[in-house]
Asks: 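Input: one structure, supplied below.
For the numbers below, each heavy atom of this structure counts, side chains included, while hydrogens, waters and symmetry mates do not. This one's a predicted model, so the numbers in the text were calculated from it and none came from an experiment.
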Amino acid sequence: MPESSIALLKKAQDEYSCFGSWEQFYPLLRFTILRSGPEQIKHCAEVIEGIENLIYQSAKTADNFESFISLVKSKRFTRTRIQRMLTHIYTGFTWSMLRSFDSPTYVRLLGMSNSGKHYLNHKKRTSRFPHKSRS
């Protein structure tokens, strides 16, 4: 990373104490959820099994992110998984966008151990991706 970028990041860290938090993003996220409604939310990537209704209802009542997440979180939907869904909702990333990406055309290996080399020699013959070694 360029030194100028590191300097800007350090300055932002010193000024604002953090780069961002769910609590800071929650007001706009909540607005996005309430404006969109469950019918539009269900088209966002990784939103499955009717959780869009719970997300919408929880956003109606929760005033902060921690209370919102406690309403939505369950054994089936972990905090991390919900945060991933919320990121997609916040950015408008849909299932159709996700499906439109082509699969990778090659695998670039950055490093490996000796046992990894033996494994990769075997996998090179059966893998559908060409391998590029680090130069």
Side-chain angles (χ1 to χ4, degrees):
M1 179 178 283
E3 287 297 323
S4 57
S5 298
I6 293 171
L8 286 171
L9 290 172
K10 285 181 179 177
K11 182 182 176 192
Q13 174 93 30
D14 292 341
E15 254 180 70
Y16 303 109
S17 302
C18 69
F19 296 111
S21 69
W22 282 104
E23 208 59 60
Q24 289 174 322
F25 289 117
Y26 183 66
L28 186 55
L29 173 64
R30 183 180 186 198
F31 172 77
T32 303
I33 291 167
L34 295 174
R35 181 191 62 198
S36 300
E39 196 55 39
Q40 194 172 347
I41 292 170
K42 77 178 180 184
H43 297 291
C44 291
E46 300 194 43
V47 176
I48 58 168
E49 299 176 6
I51 196 168
E52 67 274 4
N53 297 308
L54 181 58
I55 289 171
Y56 181 75
Q57 291 303 320
S58 298
K60 282 170 122 177
T61 59
D63 291 334
N64 61 61
F65 184 74
E66 286 307 316
S67 60
F68 170 80
I69 205 79
S70 68
L71 291 170
V72 180
K73 192 176 80 155
S74 67
K75 285 183 182 180
R76 178 99 171 100
F77 295 105
T78 63
R79 181 184 183 101
T80 304
R81 188 170 181 191
I82 294 164
Q83 287 175 327
R84 202 166 42 247
M85 286 181 213
L86 295 175
T87 300
H88 297 321
I89 293 167
Y90 188 74
T91 60
F93 188 67
T94 64
W95 280 109
S96 60
M97 291 172 169
L98 181 64
R99 290 182 186 115
S100 72
F101 290 110
D102 293 329
S103 61
T105 55
Y106 65 88
V107 176
R108 171 168 261 155
L109 304 171
L110 302 177
M112 67 190 98
S113 65
N114 283 333
S115 62
K117 286 180 185 179
H118 295 298
Y119 174 77
L120 287 172
N121 281 333
H122 170 12
K123 282 309 223 182
K124 279 183 183 179
R125 294 182 209 110
T126 60
S127 176
R128 62 186 180 123
F129 299 116
H131 295 81
K132 289 190 176 186
S133 56
R134 193 170 149 195
S135 36

Asks: I need the Glu52 CD to Ile89 CD1 distance, nearest 0.5 Å.
Replies: 9.0 Å
Asks: Show your working on salt bridge (charged side-chain N to carboxylate O under 4.0 Å, His left out) between Arg81 and Glu46 and close with a plain yes or no.
Replies: CA-CA 9 Å; Arg81 188 170 181 191; Glu46 300 194 43; 5.5 Å; no
Asks: Of all residues at least two apart in sequence or in a different chain, which pass the side-chain hydrogen bond (donor to acceptor under 3.5 Å, both in side chains) check with Glu3?
Replies: none
Asks: Would you give the length of the straight line joining atom NZ of Lys73 to atom OG of Ser58, rounded to the nearest 0.5 angstrom?
Replies: 13.0 Å
Asks: NE2/His88 to CD1/Ile41 distance, rounded to the nearest 0.5 angstrom?
Replies: 14.0 Å
Asks: Check step by step if salt bridge (charged side-chain N to carboxylate O under 4.0 Å, His left out) holds for Arg79 and Glu66.
Replies: CA-CA 10 Å; Arg79 181 184 183 101; Glu66 286 307 316; 2.7 Å; yes
Asks: Please, which pairs that meet ring-ring contact (aromatic ring centres under 6.0 Å, His included) have at least one residue in residues 34-66, sequence neighbours excluded?
Replies: Trp22-Phe65
Asks: Look at the side chain of Arg35 and the backbone N and O of Arg30, then say whether any donor-acceptor pair between them is shorter than 3.5 Å.
Replies: no
Asks: Main chain of Gln83, side chain of Thr87: is a donor-acceptor contact present, judged purely on distance under 3.5 Å?
Replies: yes
Asks: Please check this pair: side chain of Ser67 against backbone of Asn64, looking for a donor-acceptor N/O pair closer than 3.5 Å.
Replies: yes
Asks: For the side chain of Gln40 and the backbone of Gly37, is there at least one donor-acceptor N/O pair under 3.5 Å apart?
Replies: no
Asks: When the ring planes of Phe68 and Tyr26 are compared, do they come out parallel, tilted or perpendicular, using 30° and 60° as the limits?
Replies: tilted
Asks: Please identify each residue that fulfils side-chain hydrogen bond (donor to acceptor under 3.5 Å, both in side chains) with Ser74, with sequence neighbours left out.
Replies: none
Asks: Between Ser115 and Ser113, do the side chains contain a donor N or O and an acceptor N or O under 3.5 Å apart?
Replies: yes
Asks: Quick check for you: to the nearest 0.5 Å, what is the distance between Leu98 atom CG and Cys44 atom SG?
Replies: 11.5 Å
